[in-house]
Structure formats: structure tokens, C-alpha cells
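Ligands are counted one by one from 1 in listed order, and the atoms in each one are counted from 1 as well. If you're wondering where the values come from, they're calculated on a predicted model, not measured in any experiment.
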Amino acid sequence: MAEPYDIIIAGGGPVGSALALGLRDSGPRDGTLRVALLEARPRAVEVDDARTIALSHGSRLVLERLGAWSLLASMTPIRHVSVSQQRGFGRVELDAAEAGVPALGYVAGYAALQRALTTVLESRAVNVMAGCAVRAVGGDATGATVSVDCGGGLRQLHARLVVIADGGANLNLLHVKTRDYRQAALVCDVATDEAHQNRAFERFTPAGPLALLPTDRGWSLVWTAAIDCAQELTTLGEVQFCTRLHATFGAALGAFRLLGRRQVFPLVLKYASRPVAPRTVLIGNAAQILHPVAGQGFNLGLRDAWELAHAIVTRGAGDPGSATLLNAYCSQRRFDRTATILFTDSLIRLFSNDIPLLNPVRGIGLAALGGIPPAKNFLVRRMMFGACG
Ligand SMILES: Cc1cc2nc3c(=O)[nH]c(=O)nc-3n(C[C@H](O)[C@H](O)[C@H](O)COP(=O)(O)OP(=O)(O)OC[C@H]3O[C@@H](n4cnc5c(N)ncnc54)[C@H](O)[C@@H]3O)c2cc1C
């Protein structure tokens, strides 16, 4: 006999966890919703992920509402962003004080973010089934069935709604569009002679963007390059690696030092045009995997989670997995998703190439963004709130 739930969330990464908390915060009327969060990683296993996440101001507001923000101890505000291109003119300088805000964004470790959310989930007694990998999901008009492996053979769970938040790992039920960037991001911590002073840098190179984000240890580097080149960078000794980094980024911060290990992430654009199916909805990276340029992926996924929780909480006594609710959610999210996918993909198409004719176009574009206040304001608002800002 299948175990009955109202909502099963498949994947307890930052987006799935945020949704579980959003539903938990839904007040007494919805306290009766039976929610299970299924996470493949066993509870005792720490998250092994070197990436940092640039959180937008909008994400801060959501994480505050969910009770996780105050637990992000080592979070660094970004007060200034400098965008430039290698081998070309044009530069954009974004400044928090000029925009009249305390920070343009905040940098937190992926593992620290996950820990903060897990702590709140535990303190609020959310039903988290850790060490449970979802193997299959099926849905029809009456309900959804989930086959899950919790280490003792497959179990069948039943729910009115299944939310897939597995990061796009393996539960791809829907037709997805894919574009292989043939790039990978090398991620590691570095230190420089110059202190960060809460500045962030995004430098476009023909091989891909290179970002330096301020952290409590120095900088978090996200260095995008062709896949074999990114792999090769992990094999270089510290001196060679830092020399290559210095040659690519430039001398503005002095010499680099490598702190800790280097990790490589392959990069693709992958998205479902309509992330819903009967009794099933995809959110976060399960719905769209973006290039990390401009740090949009988690911020967009968090908005998915927040808006879905809102749609469920405000539905009244209705069915949380009804086609009406899912279609309304899908329509509500369309603009933000499409605009954000287009924004990141266009940046890569325009900047990650060596086409000589495009060099002045890019320079003029950057100069215009930096010099025209409404354009600059648009960029600041996008950084802080996403496409709906
Ligand atoms: C190098 C890099 C830098 C980035 N920088 C930024 C940034 O600065 N700002 C930003 O907003 N975004 C950034 N992103 C994107 C961001 O990391 C993702 O958008 C975010 O992690 C998505 O969260 P998620 O919970 O949807 O998926 P994930 O983080 O992938 O989590 C998925 C979870 O599901 C679990 N899972 C998987 N399969 C199953 C299963 N079958 N059953 C149960 N559980 C399962 C996994 O164990 C995991 O816990 C970056 C990405 C990369 C690669």
C-alpha cells in the first residue's frame, strides 16, 4: 500500500529545502499538509562542494522569511561590482552606495547555505527523509507515485503533488532543451596582495567569464574555460596556476595565492519550456540549469520555490496538485524564467568568443551600460531582484 502524502519534494538541496520551509511557514491552516522532503545524501555525509553562491538582495529577503539568513555566519556583502572584458575597452562599475542600497549582493558558500537551511528544517521538525534516493516518479489526474530507495529496497510513496528539485540530476521527466557550452567552471579560493574591500569582479575573456567574489578568506574564483583547459588548470602547481590566473585577470589585485582545492563543474544550459506535468512540477536546477555567469541560478530557483509555496499556501482548501494550480504557477513563472535564461545565455553568446568584429560592439555595450543611468539602474535591479525587479 503506497504511503499517502500531500506533497513530496524530491531533492533536499537549497531549492528543495527552501520550498519545504516555505510550506512549513504556511500557517495553521496549512499546517495539516503532509509534506516529505526526500534527499539522496545521507544525514551524516557533509556537502562536498567548493562553490560559493552570490545571493541577490531578493534572495536575502526570502531567506530572512525562511529563518535561514541569520544562520549564514560567514557571508560577505558585495558593495561594488566591476565588469570588464579582456583585450577590449568598455567597463561597468556598479556601486551599492550610488544605487542607495547597503549591498548589491552577498556571497555565501554552497555548503554553508545548505547547512543553514538544514538547521532550520530540523528546528521546525520538517519531515526530511535523508539517504532516500528517488528512482522514478509517475503522475496522472488522480495522484502521483514515487519509487524511493532508502537503503532497504524500493518503497512506493503516493502524493497529490510531487515537486522535483533534484538539481536536474536524473529525474528528467519532461522534454528539455539543451545547449552544451563546451565550457567548465573551475572553482577555488584564492588570496591576493590587495584586500577585497567588498568588491566583486566579472571579467569576460574569449574562453569564458572569470569572476572573483569577496569572501571571509579572500576571494572565491569562478574561472570558466574550455573543458580540457579547466581540467588542465587543476593539474598545475600553485605557482604556475597563479601565474596563469594573473595573466588572465590582470595586475589590479597584485599576486594571487591558491587556498585549498580546485573543483570543476561542466556547464550546460538545460531547461524545460513548461516545467509541469500531471501532479508534478520541476523547480530550481531541475527546471533550468544556467551558466553561472552573473550568478543567477540559485536566485532564480529560490524564486521558483517561494512562488510555488505561495501558490500552494494561498490556494484555500483546494488540491495542491491540481492542474489549475500548476498551470497558474507555470504562467506566473514564465517571464522571470525566460528573461533570466535569455540574459545569461546572451552574455555567453556575446562575450565568449574571439570574433574580432564583436570586440568593439561589446566595448560599446559595456560603455553604454556603464554610462547611461537607466541602463545601469536596470542592471543593478536585475542583480538585486532578478527579471521581476
Ligand atoms: C560554478 C558554479 C557557480 C555558481 N554560482 C552561483 C551564484 O553565484 N549565484 C547563483 O544564484 N547560482 C549559482 N550557481 C547555480 C546554483 O549552484 C544552482 O542553481 C543551485 O545549486 C540549484 O539548487 P537546487 O537545489 O535546484 O539543485 P542542487 O544544488 O543540485 O541540489 C539538488 C539536491 O537534490 C539531491 N538529489 C539528486 N538526485 C536525487 C534523487 N534522485 N533523489 C533525492 N535527492 C536527490 C542532491 O543530493 C542535492 O542535494 C552556480 C553554479 C555553478 C556550477
### Task
Could you tell me whether the side chain of Glu238 reaches within less than 4.5 Å of the side chain of Cys242, counting heavy atoms only?
yes
### Query
If you measure from each non-hydrogen atom of Ala169 to ligand 1, which part falls under 4.0 Å: side chain, backbone, both or neither?
side chain
### Query
Any idea which atoms of ligand 1 are less than 4.0 Å away from a heavy-atom of Gly284?
26 (O)
### Message
Is a donor from one side chain sitting under 3.5 angstrom from an acceptor on the other, for Arg24 and Asn127?
### Response
no
### Task
Determine whether any heavy atom of Thr52 lies closer than 4.0 Å to an atom of ligand 1.
yes
### Message
Side chain or backbone, does Ala54 bring an N or O within less than 3.5 Å of an N or O on ligand 1?
### Response
yes
### Task
Heavy-atom distances under 4.0 Å are what count here, so tell me which part of Cys132 touches ligand 1: side chain, backbone, both or neither.
backbone
### Task
Taking the six-membered ring of Tyr110 (Phe, Tyr or Trp), confirm whether the NZ or CZ of Arg51 is under 6.0 Å from its centre and within 45° of its axis.
yes
#### Entry: Short N or O distance, Val15 and ligand 1, threshold 3.5 Å exclusive
yes
### Message
With respect to Ala286, determine whether any N or O atom, backbone or side chain, lies less than 3.5 Å from an N or O atom of ligand 1.
### Response
no
### Message
Is Gly301 close enough to touch ligand 1? Criterion: a residue heavy atom under 4.0 Å from a ligand atom.
### Response
no
### Query
Looking at Ala133, which atoms of ligand 1 are within less than 4.0 Å of one of its heavy atoms?
42 (N)
### Summary
Near Gly297 (heavy-atom distance under 4.0 Å), the atoms of ligand 1 are 10 (C), 11 (O), 12 (N), 19 (O)
### Query
Considering only heavy atoms of Val187, which atoms of ligand 1 have at least one such atom less than 4.0 Å away?
1 (C)
### Option set Ile53, Val134, Val107, Val222, criterion heavy-atom distance to atom 6 (C) of ligand 1, minimum
Ile53
### Task
Answer side chain, backbone, both or neither: which part of Ala165 comes under 4.0 Å from ligand 1, heavy atoms only.
backbone
### Task
May I ask you to list the atoms of ligand 1 that are less than 4.0 angstrom from any heavy atom of Leu38?
43 (C), 44 (N)
### Summary
Logged contact type for Gln296 with ligand 1, heavy-atom cut-off 4.0 Å, is backbone
### Option whose closest heavy atom lies nearest to atom 11 (O) of ligand 1, chosen from Phe298, Tyr110, Trp223
Phe298
### Query
Does one side chain, of Asp216 or Thr76, offer a donor that lies under 3.5 Å from an acceptor on the other?
no
### Query
Can Gln288 and Asp304 be counted as having a side-chain donor-acceptor contact under 3.5 angstrom?
yes
### Query
Closer than 4.0 angstrom: is that true for some heavy atom of Ala211 and an atom of ligand 1?
no
### Message
Does ligand 1 come near enough to Asn285 that some N or O of the ligand is less than 3.5 Å from an N or O of the residue?
### Response
yes
### Message
As an exercise, identify every atom of ligand 1 less than 4.0 angstrom from a heavy atom of Gly13.
### Response
25 (O), 31 (O), 33 (C), 49 (O)
### Task
For the residue pair Tyr271 and Arg337, confirm or rule out a side-chain donor-acceptor distance under 3.5 Å.
no
### Query
Just wondering, do Arg60 and Leu55 contact through their side chains at under 4.5 Å, heavy atoms?
no
### Among Gln197, Glu98, Glu93, Arg199, side-chain hydrogen bond (donor to acceptor under 3.5 Å, both in side chains) partner for His80
Glu93
